2 protein chains.
Amino acid sequence: MSLTITIQALSDANRRRILDILKRGEMNAGDINKKLDITGATLSHHLDILKRADLISGRKEGQQVIYSLNLSVFEEAAEQLVKFFEIKTKSKSKKIEDWRG
Amino acid sequence: MSLTITIQALSDANRRRILDILKRGEMNAGDINKKLDITGATLSHHLDILKRADLISGRKEGQQVIYSLNLSVFEEAAEQLVKFFEIKTKSKSKKIEDWRG
DNA sequence: TAGATAGTTAGACAATTATCTAAATATCTA
DNA sequence: TAGATATTTAGATAATTGTCTAACTATCTA
């Protein structure tokens, strides 16, 4: 999954709340909804974006759809981001002045 | 800085490229611009967003404005994100079934 | 001081987004 | 089979976003 799609999925506070909830374990849409101050339709939209980013999956069980974190994808996203934040300090050659001015 | 503002600053590919460039050391706006396929005005806009997120700073030197990464803020942002991705597995009490169904 | 150069600001535009209400679909149950 | 319940889809709207061109400001230099 591209970093842009992952980050955009993370860029909304409600979606981050959904992920936070699902980190604790799977949950159906209705129960997730009770924890958020948005309509069911809006929740569906957010769930869809998270699904497209492959961060979560939903399985139907009776009338309900139970959502869960895609743990490996979630962890892979974390790794990608950590990698982005990495700063490779040159081992030699570059002088301090080049970095701090 | 709020996670929303940080993530939104990171959500654009050109802004991430700018940060990537500045990770290697400071650079003036014109030189950054040469590395990107956008107008100077658009670059200014992106630099502004990164400045508002406190991820970079610019100092004027003659005609030029030299931008640099705010290393401590950048690292703090990384930590915030790593924290977000953390999954605290319960030490006891919760059964496997509660997590994997 | 008159141009040239570097960068920002202003204003416009098309695309995307988060949200809502209303309607549709799917499943359960009396 | 007729509601009731759970969720998604459709369609609308207001806000935000990334981009551009044109104009502006600041600085340098011949």
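Sequence lines set the chain letters: A, B, ... in the order given, protein chains first and strands last, and positions in each chain run from 1. On a predicted model such as this, the values are computed, not experimentally measured, just so you know.
- Residue order along DNA chain D, read from the 5' end via each residue's closest nucleotide, puts Asp31(A) first among Glu61(B) and Asp31(A).
- With rounding to whole Å, Leu36(B) atom CG is found 13 Å from dG18(D) atom C1'.
- Note on Ala41(B): a base of the nucleic acid sits closer than 4.0 angstrom, heavy atoms only.
- Among the heavy atoms of the strands lying under 4.0 Å from Ile49(B) are primed sugar atoms or P, OP1, OP2 only; no base atom is included.
- Where Lys60(B) and Ser11(B) each meet DNA chain D at their nearest nucleotide, the meeting point lying more 5' is that of Ser11(B).
- At a threshold of 4.0 angstrom between heavy atoms, the contacts of Asn33(B) with the nucleic acid are absent.
- Annotation: side chain of Phe74(A) is in contact with side chain of Leu19(A) (closest heavy-atom distance under 4.5 Å).
- As judged by a 4.0 angstrom heavy-atom cut-off over every strand, Asn14(B) is placed among residues touching the sugar-phosphate backbone only.
- In this structure, the nucleotide among dT9(D), dT19(D), dT7(D) sitting nearest to the side chain of Thr42(B) is dT19(D).
- In the hydrophobic clustering of this structure, Leu3(B) does not group with Ile49(B); members are Ile, Leu, Val, Met, Phe, Trp, Tyr whose side-chain heavy atoms approach within less than 4.5 Å, directly or through other members.
- Distance NE2 (His45(A)) to C1' (dT9(D)): 13 Å, rounded to an integer number of Å.
- Residue Gly40(A) is classed as a base contact, given a heavy-atom separation below 4.0 Å to a base.
- At whole-Å resolution of the value, CD1 in Ile7(A) and P in dG18(D) are 12 Å apart.
- Here chain B contacts DNA chain C (any atom closer than 4.0 Å to a heavy atom, that is under 4.0 Å), and the contacts span dT5(C) to dT9(C) from 5' to 3'.
- In this structure, Arg52(B) atom CZ and dG18(D) atom P are separated by 13 Å, rounded to whole Å.
- Rounded to whole angstrom, the span from the OH atom of Tyr67(A) across to the P atom of dA6(D) amounts to 15 Å.
- Atoms CD (Gln64(A)) and P (dT8(D)) sit 11 Å apart, rounded to a whole Å.
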